[in-house]
Each structure stands twice: as C-alpha cells, then as structure tokens.
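Following: one structure in structure tokens, then a few remarks.
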Protein chains: 2
Amino acid sequence: MSVQREYASNMSVSMLSPFGARLCALGLPPETLEEIAACDPLLEEVPARSERRSAAPAGSFDVLLRGWAFRYRDLREGSRHIAGLVLPGDPCDIDAVEFGRSNVQLGTLTRCLVASFDGDAFRDLCDRSALVRQAVTRLSMAENAMLREWNLCLAHRSASQRMAHLFCELHVRLAAVDAADRDGYELPLTQVHLAELLGLTAVHVNRTLQAMRAEQLIELSDQQLTVRDWDALAALAEFRADYLEMERAAA
Amino acid sequence: MSVQREYASNMSVSMLSPFGARLCALGLPPETLEEIAACDPLLEEVPARSERRSAAPAGSFDVLLRGWAFRYRDLREGSRHIAGLVLPGDPCDIDAVEFGRSNVQLGTLTRCLVASFDGDAFRDLCDRSALVRQAVTRLSMAENAMLREWNLCLAHRSASQRMAHLFCELHVRLAAVDAADRDGYELPLTQVHLAELLGLTAVHVNRTLQAMRAEQLIELSDQQLTVRDWDALAALAEFRADYLEMERAAA
DNA sequence: TAACGCCCACAACTTAGGTTATTTGAGCGC
DNA sequence: GCGCTCAAATAACCTAAGTTGTGGGCGTTA
C-alpha cells in the first residue's frame with residue numbers, strides 16, 4: 001500500500017468520525033472503520049429542507065456524517081409517514097446494502113454531509129471482511145431494537161408518552177455523537193414533522209407540547225429543546241436506554 | 001468427515017426444512033443451511049400456551065420449526081405487548097446472536113418445536129463463515145422491514161386496516177412454509193392476543209371483526225380464518241407484499 | 001409597504017377507540 | 001348433575017385524538 005493511500009485512508013477515517021463513534025458504541029473494534037474507509041466514499045453535501053432523495057441511490061451504502069435527516073414514505077391523500085430520524089453516524093438505509101434497493105426516501109432538516117459508498121464495492125468488502133459484515137449486522141440489529149421499541153410506543157402509549165420517549169431517545173443518541181447538552185439539545189423539527197413522526201396530527205402535537213410545558217417538563221422554542229425535569233420525562237415515557245445498545249459509548 | 005457425521009448432518013438439514021425454506025426465500029444459497037446444520041442444534045418441544053420463556057436462553061440462536069409462537073413484553077398494570085408472531089422458519093430472537101442477550105419473552109400458541117443452537121458455537125460459526133453471517137444479516141433485515149411496515153400501520157392506519165394488514169401478511173408468510181390455503185389458514189389466536197398484537201382492546205377487536213364479517217371480507221371461527229375477498233382485504237390494508245422479501249420463494 | 005408563505009396557537013365540534021359491565025356458551029373437573 | 005374458567009359477543013358510556021377553521025407573528029420577495 002502506497003504512502004498516498006495510507007494518507008488518504010487516514011483522511012477518510014477522520015472524516016468518518018461520527019460513524020466511527022457509532023461503530024465503537026456498538027462494540028466493534030477500530031479496525032472496522034479503517035477497512036470501511038478504504039472503500040473511499042463519495043462525500044456529498046445536501047442542502048437543508050431537501051426531500052425526494054432516495055435513501056440509498058443505486059443500492060449504495062450511505063452514512064450521515066453531519067446534520068439531521070429523516071426517512072419517510074408518502075401515503076395516499078397527501079399525508080406522510082416519517083419512519084425515523086437519521087443522526088450523524090447513522091446509516092441512511094441499512095437494508096439497501098443486502099437487498100440492493102431502497103424503499104424509503106430521505107429528507108433533510110438541516111444542511112447535511114453524507115458519505116456514499118459504492119454499493120458493489122461495499123458488498124465486495126462485506127464478502128471479504130468478517131468485521132465489516134459484522135458491523136452491518138450490528139447496525140441492522142440496533143435499528144431493529146429501536147423499531148421494536150417504537151412499535152411498543154405507538155401501540156400502547158399516549159401522545160405525551162410518545163413525545164417524551166422521543167425526546168429521551170434523541171438525547172441518548174445525540175450524546176453519543178456529542179451533540180447534546182446536559183439540559184437539552186437543538187431540535188430542528190417543526191410540529192408538523194413531529195406529527196408525522198409520532199403518528200399524530202399537528203394540532204394534537206401542539207396541544208401535547210402545551211401540556212408538557214405547563215407541567216414544567218420541557219421548554220421548546222426556536223428549535224431548541226430544554227428539558228426541565230429529566231427524571232419526570234423518563235418516567236412518563238417509561239424510558240430505559242438499554243435497548244439503544246449504546247452502553248459501550250464513552251460517558 | 002465420517003459417514004455418521006454426514007448422515008447426522010443430512011438428518012439435521014431435513015429437520016430444519018422450514019428454516020431452509022426461509023433462507024431460500026431470502027435468496028441465500030443451500031450450502032448456508034448445511035453449514036448451519038453442522039452446528040447440531042438441540043431440538044426442543046414446547047407445549048401449547050406456554051409463556052415466560054426467554055426467547056433466546058443463554059444467548060443461544062433459536063429457530064422455530066413447527067407451531068405458532070410470539071414475542072412479547074409485559075407492561076405495567078398487567079397489560080402486555082405482543083411484539084410479533086413467530087412462524088415456522090423464523091428465528092425466535094435474532095438480536096440475541098450479536099448482543100448475547102435477549103430482552104423479549106417467547107410465548108407459544110400451539111405445541112412448538114424449536115431448534116436451539118448453542119450461542120458460542122453459533123457465533124464461532126459466524127466468524128468462520130461469510131455465508132452464515134450473511135444469513136444472519138438478511139434475517140435481521142427482513143425483520144427490520146416487517147417492523148418498519150408495522151410501525152407505519154400503527155402510526156397511520158385504523159383498527160380495521162391493521163387487522164386486514166395482519167391477515168394479509170400472515171397469508172404470505174404462511175404460504176412460504178406451505179401452511180396456508182388459497183382461501184385462508186388456521187389462526188390460533190384469541191381476540192385478546194389479537195388486541196395485544198394490534199395495539200387495541202379486546203372489545204374493539206371484537207367490534208372490528210364483526211364489521212369485517214358484515215362487509216363479507218372474512219370469516220373467522222374455531223381458529224380458522226377464511227378470506228372471502230382477498231382484493232378488498234388487501235386494498236383496505238393497502239398491502240403490498242414486497243417488503244417481506246419473499247419474492248424468491250417458490251410460488 | 002404590501003402580499004405571500006410558513007409556523008405556531010387555540011377554539012369548537014366529531015369520532016375512533018377505550019372502559020366497564022353483563023350475557024351466553026363451550027369445555028372440564030368433580 | 002354442579003360449579004368453574006375461558007372465549008366471544010354486545011351494550012352504555014367516556015376520553016384521547018382527529019377535523020376544521022381562525023388569527024397572529026415573522027421572514028422573504030416584490
């Protein structure tokens with residue numbers, strides 16, 4: 001391997017740092033990131049508020065490095081389902097790697113930086129490297145766990161509980177990539193986004209937020225969430241962080 | 001490899017046939033099953049209506065071979081969330097393989113046969129065999145897709161749509177293991193089970209079933225579901241089978 | 001400066017689904 | 001035979017959340 005390649009590779013590793021943090025949180029060894037970085041991803045800036053972009057164009061493996069994005073699907077009669085938020089370090093659509101096609105769209109909330117690995121090259125790498133394949137497996141399973149938990153929320157919990165759960169989950173996930181403060185974080189979502197995510201109407205999201213404000217649980221204005229009482233919020237949501245599989249992350 | 005071992009291995013392969021069908025449906029080559037079978041699972045009969053059994057005791061990799069089971073979690077105040085049905089060929093708790101622990105319980109509806117692979121032996125096998133690791137990845141992703149779809153239903157669809165969706169999905173999944181007829185299948189669930197699965201109350205499940213009967217969509221009695229109008233049912237549910245990733249299955 | 005858009009707030013009314021309770025019938029032990 | 005439990009049906013009532021509509025603040029463009 002030439003010096004240039006090593007140099008280039010190290011550049012990639014540092015570019016990919018939020019993704020590295022994610023892999024590390026999942027208990028994967030650091031060489032995993034190096035092997036993946038050797039695939040030389042295409043770095044792509046996506047403007048804020050963009051929509052209608054396939055989450056993994058041409059079966060590529062896309063990872064968000066900076067910004068907030070979300071996976072969504074349009075429903076009949078103009079409504080929309082937001083299937084999940086994508087934070088720095090998260091794959092945009094992990095399933096596309098194996099099945100070679102994506103069935104979700106990706107939208108951005110803020111300006112984003114995406115690392116896009118060529119699909120075929122990445123699949124080749126998976127076949128050659130047990131570590132990389134394991135990383136994909138764990139990423140998939142981590143998502144699995146989040147989906148399962150969210151399922152439970154949607155099926156059995158009230159609007160305020162879902163909202164509280166979302167806020168708790170986001171705090172843990174953002175903290176893993178150093179994007180949360182002790183008392184809150186930036187939340188670049190409108191109430192309409194929240195509604196599409198929580199399976200509620202925008203009106204009811206508004207009502208629920210008012211109620212949570214009135215109970216001194218949270219403050220939310222200018223895209224900034226401030227949590228006044230974490231314990232009460234977590235209790236309301238019946239939130240336990242363990243399903244996120246991030247216990248291996250630095251404190 | 002001795003003749004006995006080969007013989008034993010072939011026995012295992014045939015025992016595991018519903019699991020083989022599942023792997024095949026996911027587009028995995030037949031050798032995958034042979035490699036897994038070489039792990040020599042413990043076969044275990046579980047009586048009907050049993051509960052409180054960890055889905056993957058001691059981090060093992062458990063696969064259902066015969067019968068109906070479900071994953072569940074208890075909630076406070078006596079209620080329960082059924083996180084999904086486990087049909088022949090399905091892993092009981094795929095996440096346990098990587099994370100070495102299970103956070104769901106397994107309940108049985110009918111008498112079941114479970115193949116239990118020793119956790120450490122199976123993980124060793126994953127490290128040695130790219131094929132096996134890929135199988136795990138695809139199984140995980142297939143579950144992912146089902147969870148995502150179900151999320152959408154819970155968030156945005158009515159009781160009757162969810163019910164219709166469940167019936168459609170089960171038909172496809174059962175057909176993949178030859179357990180469905182053209183016009184219906186055996187459905188060993190009580191209305192309470194349906195409620196816990198759909199995120200509704202038992203009364204409302206009853207109401208919804210009555211309505212669906214009245215509209216000539218389905219018939220359901222004595223654990224036997226008969227679908228009178230598949231097209232109408234699928235249209236109500238807005239069901240499209242592609243997310244199940246079973247298009248590779250035999251017709 | 002007006003006009004348009006988006007986001008948030010909030011009021012009035014409707015509805016899907018939750019809650020509680022009673023009834024019936026099938027199975028099962030004794 | 002009697003009494004038990006469990007599944008299903010169904011009625012009456014209640015509430016969380018959906019629906020429709022209005023108004024206000026604020027940034028952008030003309």
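Reminder, nothing fancy here: chain letters follow the sequence lines and each chain counts from 1.
- Between the side chain of A:T208 and the main chain of A:H204, a donor-acceptor pair closer than 3.5 Å is present.
- Mapped onto DNA chain C by nearest heavy atom, B:S160 and A:L189 fall at different nucleotides, with A:L189 at the one closer to the 5' end.
- Taking atom CD on A:Q224 and atom C1' on C:dC8, their separation rounds to 18 Å, with Å as the unit.
- Side chain of A:S54 to main chain of A:Q105: no donor-acceptor pair is present (N/O by atom type, distance under 3.5 Å, no hydrogens or angles).
- Listed by residue number, the members of residues 194-203 of chain A with any heavy atom below 4.0 angstrom from DNA chain D are A:G199, A:L200, A:T201, A:V203.
- Taking the six-membered ring where the residue is Trp, B:W230 and B:H171 present tilted rings, their angle falling between 30° and 60°.
- Within the 4.0 angstrom heavy-atom criterion, only backbone atoms of the sugar-phosphate kind lie near B:S158; the bases stay farther away.
- A:R228 places no side-chain N or O within 3.5 Å of a backbone atom of A:E219 that could act as its donor or acceptor partner.
- Listed for the A:Y185 side chain is no donor-acceptor partner under 3.5 Å among the backbone atoms of A:A175.
- Not a single donor-acceptor pair under 3.5 Å links the side chain of A:E186 to the backbone N or O of A:Q224.
- In this structure, CD of B:Q210 is placed 5 Å from P of D:dT10, rounded to the nearest angstrom.
- Taking atom CG on B:L187 and atom P on D:dA7, their separation rounds to 14 Å, with Å as the unit.
- With C:dG17, C:dA9, D:dA8 as the candidates, the nucleotide lying closest to the side chain of B:R207 is C:dG17.
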Let me have the donor-acceptor pairs involving side chains of residues 80-88 of chain A, under 3.5 Å, with sequence neighbours excluded, atom names and distances please.
from	atom 1	to	atom 2	distance (Å)
A:R80	NE	A:E196	OE1	3.3
A:R80	NE	A:E196	OE2	3.3
A:R80	NH1	A:E51	OE1	3.2
A:R80	NH1	A:E51	OE2	3.2
A:R80	NH2	A:E196	OE1	2.9
A:H81	ND1	B:H156	NE2	3.1

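- Side-chain atoms of B:T110 come within 3.5 Å of backbone atoms of B:W68 as a donor-acceptor pair (strictly under, hydrogens ignored).
- Pairs engaging residues 201-213 of chain B under the salt bridge (Lys or Arg N to Asp or Glu O under 4.0 Å) rule: none recorded [sequence neighbours left out].
- Axis angle across the helix from C:dT1-D:dA30 to C:dC30-D:dG1, with five pairs used at each end and values rounded to 10°: 30°.
- Residue B:Q161 contributes atom CD, which lies 14 Å from atom C1' of C:dG17 at whole-angstrom precision.
- Here A:R162 does not reach the OP1 or OP2 of D:dA16: none of its side-chain N or O atoms lies under 4.0 Å away.
- As a whole-Å value, the separation of A:R157 CZ from C:dG17 C1' is 19 Å.
- Ring orientation note: the planes of A:F70 and A:Y72 are tilted relative to one another, at an angle of 30° to 60°.
- A donor-acceptor pair is defined here as one N or O able to donate and one able to accept, closer than 3.5 Å; such a pair exists between the side chain of A:N144 and the backbone of B:S140.
- Between the side chains of B:R157 and B:S160, no donor-acceptor pair of N or O atoms lies under 3.5 Å.
- Summarising the geometry, the separation between CG on A:D222 and C1' on D:dG25 is reported as 12 Å, rounded to the nearest angstrom.
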Protein and nucleotides 22-25 of chain C: nitrogen or oxygen contacts under 3.5 angstrom:
none

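- OP1 or OP2 of C:dC8 has not a single side-chain nitrogen or oxygen of A:N206 nearer than 4.0 Å.
- One interatomic measurement links the two molecules: CG of A:L154 to P of D:dA16, which rounds to 18 Å at whole-angstrom precision.
- A donor-acceptor distance shorter than 3.5 angstrom exists from the side chain of B:D229 to the backbone of B:D231, with no hydrogens or angles considered.
- B:D62 has a carboxylate O that lies under 4.0 Å from a charged side-chain N of B:R53, or vice versa, which qualifies the two as a salt bridge.
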Could you pull out the protein-nucleic contacts involving nucleotides 5-7 of chain C (nitrogen or oxygen on both sides, under 3.5 Å)?
from	atom 1	to	atom 2	distance (Å)
C:dC7	OP1	A:R49	NH1	3.2

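- Rounded to whole Å, atom P of D:dA17 lies 12 Å from atom CE of A:M212.
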